[in-house]
Amino acid sequence: MIKRYTLISVSIALGCLATIGPVLTSLYVANREVETRDRQEIRDFASKAMMRTELVTFQSFAALSDLDLEPGAPCSPSSLEQAARVIYNYRYVQDAGAYADGRYLCSPLLGDVRTQDLTLPPPDYRSNDGFLVWFRQKSPLSDVRKDLMVGRNGHYVSIDPESYVDLIDPSRRPIATIQTTTGTVMAVSAGTDPDEMLNAWKHGGNVKSKEWNYAVALSSTRPLAVVVKSPRSSIVGDWPKLLAAWLTIGVVSGAALGWLAYKRITRQLSFTSTLEWAISRRKIDVVYQPIVRLADNECVGVEALVRWKLQGRAISPEVFVRVAEENHLIQPLTDLVLEKTFAQLGELLSANPSFYVSINVSSEDLCTFRFLNLLASSLKGTSIAARQIRIEATERSFMNTDATRGVIAAFRAAGHPIYIDDFGTGYSSLAYLQTFEIDVLKIDKSFVDTIAQETASSVVAPHIIAMAHELHLEIVAEGVESGFQATWLREKGVQYAQGWYYAKAMSARDLATWLGKQRQPRHADSLPSI
Ligand code: C2E
Ligand code: MG
Ligand code: MG
């Protein structure tokens, strides 16, 4: 019973594990997948933003080179025309003009301002290749606007810092462009803290935050960096969909696994554990089928056959005997059959020394002397002779040759005749089986069925009978269902028969009644057809 409870607990635990395990695994996998996608997406976006930064920067350099191409004096009509062309040609250039000695001179937008004292402070940064940069220079054209100015050779271009960060992005991820030599934030998306972006750049994007992911892209040609930040959950817009998909897979596979585990274990419970329980509680019955001598239709013995009813339904011995064999329950089952047979037929056997009972055993019973010893101790103190208890074993039981040969010899030495059951259904030859020194051959019902039929297998029964005669083995024909079969077998010299023509297997009490009726005087051929 303890085993039964253990199995139920294990079944429940397995069911839970099978259900929860895949769901948790799915969650973990989905989370990992989202994180990986998060990182990849923000890295890709940072690279795109860096392409924009480089484009804007190189446009400013190209614009300055174009301004140098005009040899005219600063603020000459031709220089101003050239500056106007530059503004027109370069999308990101907002204004282009001339300056000298810390003052604006002129530009197409400013006009000629040489007489006005429009001062230009010293640049914030000088590059090695001669460019001057004012990071946030107040435009003379506006009271609020601050431009990024790049100058060289007395020319300057103004860039709106927004140009660096106004990428079209449905997720509206904040961007910052940083000049890495000075650590200056040149441009940053509106509403974003420049110090936070600067900090992210300093840490290469590896900033721990529950809400945000950061990525940094560096320019390969200029001392420029771009920092992008992205909200962790919104970067992958389909994250809830992904999770739902994984959850569905998890729940479906979990439920399927749980169901399979439940089915398998409950089946195991009914067939193995319940069988074990039934054996230990002696809930298995034994019935007896008469074996008749064909010469005079006298019942000379019976075969003991197990019966088991589970919830009112009879389970075929073919099924549960196999389950018992596969689960090491066959020895207790054989013991129980022996015990019940002694209890139910003991008196009959003692009173009729020529009457016998044959017991079916399995290969496990023939590997050791255990069952023989049990049989010996059961016989002790009774008047039942050893020859009255016969042993039936199928061809399969003889496969474990070394161990079996000695045990079979010991059974015979102790006086128990050995029967080969279901002969012809295995693949062993009779000559091989005879090396085990057997006594009786039981021809399987499948061959008896073919008697006098015009089928290919109908030649097998006469062949087996002839061989058995040659080897001086007695024969019991199994599954005899008609008087025609009985007559045929008798004519072929088969000594014994067992089958529904004579009687089905019955309880010990019914057997006593049946035997009583048989002993009343009657004609040999007037047996009732059952
Ligand atoms: P088996 O030892 O060959 O037993 C003969 C089977 O044929 C029995 O089936 C019996 O009821 C059936 N039978 C007998 N006469 C007729 C007939 O005229 N027509 C038909 N259709 N069937 C007939 P059962 O009782 O269902 O047993 C099936 C098998 O289960 C047995 O075949 C035997 O191999 C195994 N078995 C039964 N009891 C035991 C047991 O106590 N121990 C072991 N190890 N195996 C057993
Ligand atoms: Mg048998
Ligand atoms: Mg048989």
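Counting starts at 1 for both ligands and their atoms, in listed order. Just so it is clear, the structure is predicted and the values come from calculations on it, not from any experiment.
The shell of residues lying under 4.0 angstrom from ligand 1, judged by heavy atoms, includes Arg307. In this structure, Ser362 is part of the shell of residues with a heavy atom less than 4.0 angstrom from ligand 1. Residue contact check for ligand 1: Ser316 places no non-hydrogen atom closer than 4.0 Å to it. The closest approach between any non-hydrogen atom of Thr334 and ligand 1 is not below 4.0 Å.
Residue-level proximity to ligand 1 for Lys442 is absent, since no heavy atom of it falls below 4.0 angstrom.
With sequence neighbours excluded, no residue forms a side chain to side chain contact (heavy atoms under 4.5 Å, CB included) with Ser47.
If you check which protein heavy atom lies closest to atom 27 (O) of ligand 1, you get Pro317 CG, 3.6 Å. The protein heavy-atom contact nearest to atom 1 (P) of ligand 1 is Asp421 OD2, 3.7 Å. At the shortest separation from atom 23 (C) of ligand 1 among protein heavy atoms lies Trp500 NE1, 3.4 Å. Protein heavy atom at the shortest distance from atom 28 (C) of ligand 1 is Glu318 OE2, 3.8 Å. For atom 8 (C) of ligand 1, the nearest protein heavy atom (residue, atom name, distance) is Leu305 CD1, 3.9 Å. Protein heavy atom closest to atom 15 (N) of ligand 1, with residue, atom name and distance, is Gln289 NE2, 2.9 Å. Looking from atom 20 (C) of ligand 1 to the surrounding protein, the closest heavy atom is Lys445 CE, 3.2 Å. For atom 42 (N) of ligand 1, the closest non-hydrogen atom of the protein is Asn360 O, 3.3 Å.
Ligand-side atoms of ligand 1 in range of Gly499: 15 (N), 18 (O), range being under 4.0 angstrom from any heavy atom. Ligand 1 places these atoms under 4.0 Å from at least one heavy atom of Gly479: 15 (N), 16 (C), 17 (C), 18 (O). Residue Asp422 approaches ligand 1 through these ligand atoms, each under 4.0 Å from one of its heavy atoms: 3 (O).
Between the CD1 atom in Ile359 and the CD atom in Glu392 there is a gap of 9.0 Å [rounded to 0.5 Å].
Both the sub-6.0 Å distance and the 45° axial angle are satisfied by Lys504 relative to the ring of Trp500.
Ligand 1 has an N or O atom lying under 3.5 Å from an N or O atom of Val306, backbone or side chain. Looking at Glu478 next to ligand 1, an N or O pair under 3.5 Å apart turns up.
Residues Gln40 and Asp44 bring a donor and an acceptor atom of their side chains to less than 3.5 Å of each other.
Annotation: salt bridge (Lys or Arg N to Asp or Glu O under 4.0 Å) contacts involving residues 351-369, sequence neighbours excluded, comprise Asp365-Arg370.
Distances under 2.8 Å from the Mg ion (ligand 3) pick out the protein N/O/S atoms Asp421 OD1, Asp422 OD1, Glu478 OE1, Glu478 OE2.
Atom 3 (O) of ligand 1 is flagged as protein-proximal [any protein heavy atom, distance under 4.0 Å]. The protein does not reach atom 32 (O) of ligand 1 closely, with no heavy atom under 4.0 angstrom from it.
Put simply, the side chain of Asn360 gets close to the backbone of Ala304: a donor and an acceptor are under 3.5 Å apart.
Per residue Glu303, closest N, O or S atom to the Mg ion (ligand 2): atom name OE2.
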Check residues 412-421 and write down every donor-acceptor pair under 3.5 Å in which the side-chain atom is one partner and the other belongs to a residue at least two apart or another chain.
residue	atom	partner	partner atom	Å
Arg412	NE	Glu437	O	2.9
Arg412	NE	Asp439	OD2	3.0
Arg412	NH1	Glu437	OE1	3.1
Arg412	NH2	Asp439	OD1	2.8
His416	ND1	Ala386	O	2.9
His416	ND1	Ile389	O	2.9
Tyr419	OH	Tyr356	OH	3.3
Tyr419	OH	Arg390	NH1	2.8

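With a 4.5 Å cut-off on side-chain heavy atoms, Arg307 and Pro317 count as touching.
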